[in-house]
Amino acid sequence: DLRALAPAGVRVRVEPARESDLAELTANSAEQHREDLREDREAADESAFRQRHAQDLRDGRWWVVRERGRIVFQVHVGAATPRAVQLGGVFVPADSRGRGIAKTGVRAICAKLLDRHELVTLYCDENNTVALRVYEHVGFRFEFFNRSYLLEQPSARSEQLGYG
């Protein structure tokens, strides 16, 4: 339902993150993981966490909105097919919340992505009621809840089958 929505209120400029954004972007992402996922992936392996974010930044997967040179909204544009693209890692720093930045940022990135894809999807924790309200307001609709499992390394069986 996003295509039918025109951005409301103040328009924002969402743009690809720059190399110089890496430290701020990574710190924000680590905070988002602690808040939303209740785990500290950065503390678990700081080097790998930073490297993954640096690679995604170089690949153009992180988009931001800035105010006075500071990131006030960030989003990760993840998996993509010619038909659909998935958002994740939506984050607004605590001191910038309550001003509608998440709504305008999500609208802005969706408008850009809908120029190239038919669908924009996202995952949201079912207990994150604040985020769910933002996404519903923007025009996303609930389809289903799922669980993701991250595995450290492939099992011996998956390697034998050619999946590892």
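Both backbone and side-chain heavy atoms feed into the values below; hydrogens, waters and symmetry mates do not.
- Listed by chain and number, the residues in a salt bridge (charged side-chain N to carboxylate O under 4.0 Å, His left out) with Arg70 are Asp95 (sequence neighbours excluded).
- With hydrogens and angles ignored, the 3.5 Å screen pairs no side-chain donor or acceptor of Arg83 with any backbone N or O of Glu118.
- For the residue pair Pro93 and Val72, the shortest heavy atom distance occurs at CD-O, 3.5 Å.
- Between Asn127 atom CG and Leu132 atom CG the span is 8.5 Å, to the nearest 0.5 Å.
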Item to check | Verdict with supporting geometry, Arg50 and Leu22, side chain to side chain contact (heavy atoms under 4.5 Å, CB included) | outcome: CA-CA 8 Å; Arg50 183 177 171 82; Leu22 182 60; 3.5 Å; yes
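- With hydrogens and angles ignored, the 3.5 Å screen pairs no side-chain donor or acceptor of Asn28 with any backbone N or O of Leu25.
- A 4.5 Å side-chain heavy-atom check between Phe73 and Val90 finds at least one atom pair inside the cut-off.
- In this structure, Val77 and Leu113 have side chains that are in contact, with non-hydrogen atoms separated by less than 4.5 Å.
- In this structure the side chain of Leu87 reaches within 4.5 angstrom of the side chain of Cys110, judged on heavy atoms.
- One N or O on the side chain of Thr104 and one on the backbone of Gly100 form a donor-acceptor pair closer than 3.5 Å.
- Side chain to side chain, Arg58 and Gln55 meet the donor-acceptor criterion of an N or O pair below 3.5 Å.
- Side-chain contact check for Val134 versus Phe140: every heavy-atom pair is 4.5 Å or farther apart.
- The closest donor-acceptor contact from the side chain of His117 to the backbone of Thr81 lies under 3.5 Å.
- Nearest heavy-atom pair across His53 and Ser29 is NE2-OG, 2.7 Å.
- No donor-acceptor pair under 3.5 Å is formed between the side chain of Trp62 and the backbone N or O of Asp59.
- Side chain of Arg97 to main chain of Val92: a donor-acceptor pair is present (N/O by atom type, distance under 3.5 Å, no hydrogens or angles).
- Both Val12 and Trp63 are part of a single hydrophobic cluster, where members link through side-chain heavy atoms under 4.5 Å apart.
- A salt bridge links Arg99 to Glu67: at least one charged side-chain nitrogen sits closer than 4.0 Å to a carboxylate oxygen.
- Cluster membership for Ile101 and Phe91, using ILVMFWY side-chain heavy atoms within less than 4.5 angstrom, is not shared.
- Taking the side chain as every heavy atom from C-beta outward, Arg133 and His137 never approach each other to under 4.5 Å.
- Under the 3.5 Å distance criterion, the side-chain polar atoms of Thr121 are matched with a main-chain donor or acceptor of Val85.
- The side-chain heavy atoms of Phe49 and His33, taken from C-beta on, include a pair separated by under 4.5 Å.
- Side-chain N or O atoms of Glu24 include one that pairs as donor or acceptor with a backbone N or O of Ile71 at under 3.5 Å.
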Next on the checklist: Val65 vs Arg13, test: side chain to side chain contact (heavy atoms under 4.5 Å, CB included). Steps then yes/no.
Outcome noted: CA-CA 6 Å; Val65 172; Arg13 182 172 173 226; over 6 Å; no
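- The closest donor-acceptor contact from the side chain of Arg61 to the backbone of His76 lies at 3.5 Å or more, if one exists at all.
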